[in-house]
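Atoms within a ligand are numbered from 1 in the order they appear, just like the ligands themselves.
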Amino acid sequence: MTLVIAPSILSADFSRLGSEIERAEAASADWIHVDVMDGHFVPNLTIGAPVVKSLSKMAKVPLDVHLMISRPDQYLEDFAEAGSTFITVHAEACRHLQRTLAHIRSIGKKAGVALNPATPPEALAYVIEDVDLVLIMTVNPGFGGQKFIAEVVPKITAVRQMFDRAGKPDIHISVDGGINPETAKIVTAAGANVLVAGSSIYGSKDIGKAIADLRGAEAPRTKISTK
Ligand code: DX5
Ligand code: ZN
């Protein structure tokens, strides 16, 4: 599977998001990751659907929208109309996860599920057919610039194995939090194919080099036994 680099605009300059996205696109970003926070599911507030709508008008690459909100069902139409490509909800925020994922697909969007570091991979066991992307949080969500939690790495392999066994090798397995060239090597070896990175890209003086360094860090996937 091709490696996807998705810069997170959480670490970009919010006073000029349009040009920050153009800068990432010029530096060969594959997707743009957009963090939506409600001050309830996570202890921070960011942006909502109106901002996503403005960004989608100028962005050339897919918008990977990560909803860190308590009641995602109330806003799915808004984020779909705003031009999201992927809409990812947190398993911990969905009382009826399968219904939510089916809803996202029914409005023409790709459906993602995010798992907090302490949430086990079994949360996905009965929605395997309903998801296009799994977002494995490698920090507790809410802020950029946090330290990668290495304890989560076996979960990446467990999820990759779960989807391989189900005959879904094309599932996107994304990682988010503390991703830099060093941790990128670890997570790609474990089975991730989408790298979300905020501070290691936008915090760099040369974002072209930062993205190239992440791509260069891709490690061959560790052979996973499916027995
Ligand atoms: C954190 C967000 C991330 C954040 C990652 O809750 O979901 O997307 O931007 O930032 P870094 O890459 O700085 O850890
Ligand atoms: Zn995110």
Side-chain angles (χ1 to χ4, degrees), residues 3-14 17 20-21 23-24 27 29-49 51-52 55 59 61-70 72 75 79 84-93 110-119 131-153 155-156 172-188 192-205 207 209-211 213-215 217:
L3 188 69
V4 171
I5 307 290
S8 166
I9 54 164
L10 186 63
S11 296
D13 179 345
F14 267 48
L17 283 179
E20 290 286 75
I21 289 179
R23 207 154 70 91
D30 300 292
W31 302 349
I32 296 294
H33 184 85
V34 183
D35 287 306
V36 175
M37 305 187 188
D38 67 353
H40 188 265
F41 181 73
V42 289
N44 197 3
L45 284 162
T46 55
I47 57 169
V51 176
V52 174
L55 299 180
V61 299
L63 293 186
D64 174 32
V65 177
H66 177 192
L67 299 183
M68 286 161 274
I69 63 179
S70 291
Y75 304 99
F79 284 101
S84 313
T85 304
F86 289 87
I87 300 181
T88 295
V89 295
H90 267 263
E92 304 84 4
K110 293 196 183 298
V113 181
L115 302 180
N116 280 338
T119 302
V131 288
D132 301 295
L133 177 146
V134 176
L135 179 55
I136 299 180
M137 294 305 302
T138 38
V139 297
N140 289 294
F143 304 94
Q146 301 183 84
K147 190 176 178 297
F148 179 81
I149 302 174
E151 214 177 339
V152 176
V153 172
K155 181 159 60 178
I156 302 168
H172 286 300
I173 298 187
S174 180
V175 283
D176 186 4
I179 301 299
N180 55 39
E182 191 190 331
T183 55
K185 198 171 179 174
I186 299 168
V187 295
T188 51
N193 74 293
V194 181
L195 303 178
V196 174
S199 46
S200 77
I201 293 179
Y202 280 109
S204 161
K205 281 200 183 90
I207 72 169
K209 183 177 182 304
I211 292 177
D213 287 349
L214 286 174
R215 278 194 217 287

* To do: Give the minimum heavy-atom separation between Ile207 and Ile201, together with the two atoms involved.
  => CG2-O, 3.1 Å

* Take Arg215 and Asp30, measure what side chain to side chain contact (heavy atoms under 4.5 Å, CB included) needs, and give me the verdict at the end. => CA-CA 11 Å; Arg215 278 194 217 287; Asp30 300 292; 3.0 Å; yes

* To do: Would you please test Ile87 and Tyr75 for side chain to side chain contact (heavy atoms under 4.5 Å, CB included) and show each step?
  => CA-CA 11 Å; Ile87 300 181; Tyr75 304 99; over 6 Å; no

* How far apart are the closest heavy atoms of Ala192 and Ile156, and which atoms are they? -> N-CG2, 3.6 Å

* To do: May I ask you to identify, for Ala197, whether its side chain, its backbone, both or neither come under 4.0 Å of ligand 1 on a heavy-atom basis?
  => backbone

* Numbering as shown, the atoms of ligand 1 that approach Gly177 to under 4.0 Å (heavy-atom distance) -> 14 (O)

* Could you check atom 10 (O) of ligand 1 against the protein and tell me its nearest heavy-atom contact, residue, atom and distance included? => Gly144 CA, 3.5 Å

* Any atoms of ligand 1 less than 4.0 Å from a non-hydrogen atom of Met68? List them with their elements. => 6 (O), 7 (O)

* Please identify which atoms of ligand 1 are closer than 4.0 Å to at least one heavy atom of Met137. => 7 (O)

* To do: Considering only non-hydrogen protein atoms, determine which one is nearest to atom 9 (O) of ligand 1 and report residue, atom name and distance to 0.1 Å.
  => Ser8 OG, 2.7 Å

* To do: Have a look at His33 and say which of its N, O or S atoms is nearest the Zn ion (ligand 2).
  => NE2

* With side chain to side chain contact (heavy atoms under 4.5 Å, CB included) as the test, would you mind laying out the steps for His66 and Val196 before giving the verdict? => CA-CA 11 Å; His66 177 192; Val196 174; over 6 Å; no

* Which distance, rounded to the nearest 0.5 Å, do you find between the CG of Asp213 and the CD1 of Ile5? -> 10.0 Å

* What protein heavy atom sits nearest atom 13 (O) of ligand 1, and how far away is it? -> Ser199 OG, 2.5 Å

* Asked: When you measure from atom 3 (C) of ligand 1 to every protein heavy atom, which one gives the shortest distance, and what is it?
  -> Asp176 OD1, 2.9 Å

* Structure fact -> atom 12 (O) of ligand 1: closest protein heavy atom, distance to 0.1 Å, is Gly198 N, 2.8 Å

* Asked: Is there at least one pair of N or O atoms, one from Ile179 and one from ligand 1, spaced under 3.5 Å apart?
  -> no

* Asked: Just by distance, do the side chain of Asn116 and the backbone of Thr119 share a donor-acceptor pair under 3.5 Å?
  -> no

* Which heavy atom of the protein is the closest neighbour of atom 1 (C) of ligand 1, given with residue, atom name and distance? -> Phe143 O, 3.4 Å

* Between Phe86 and His172, how do the two ring planes meet: parallel, tilted or perpendicular, split at 30° and 60°? -> perpendicular

* Please note down the angle at the Zn ion (ligand 2) between ND1 of His66 and OD1 of Asp35, to the nearest 10°. => 90°

* Asked: Short question: side chain of Ser84, backbone of Val65 - any donor-acceptor pair under 3.5 Å?
  -> no

* Any side-chain heavy atom of Leu195 within less than 4.5 Å of one from Thr188? -> yes

* Contact check: Gly142 vs ligand 1, nitrogen or oxygen atoms, below 3.5 angstrom -> yes

* To do: May I ask you to list the atoms of ligand 1 that are less than 4.0 angstrom from any heavy atom of His33?
  => 8 (O)

* Asp176, N/O/S atom nearest the Zn ion (ligand 2) -> OD2

* Structure fact -> Leu10 heavy atoms within 4.0 Å reach ligand 1 at atoms 4 (C), 9 (O)

* To which protein heavy atom is atom 14 (O) of ligand 1 closest, and what is the distance rounded to 0.1 Å? -> Gly178 N, 2.8 Å

* **Numbered atoms and elements of ligand 1 in range of Asp35, under 4.0 angstrom, heavy atoms** => 2 (C), 3 (C), 4 (C), 7 (O), 8 (O), 9 (O)

* Asp64 vs Val4, side chain to side chain contact (heavy atoms under 4.5 Å, CB included): CA-CA, chis, key distance, verdict -> CA-CA 11 Å; Asp64 174 32; Val4 171; over 6 Å; no

* How many angstroms lie between atom NZ of Lys110 and atom CG of Leu133, to the nearest 0.5 angstrom? -> 10.0 Å

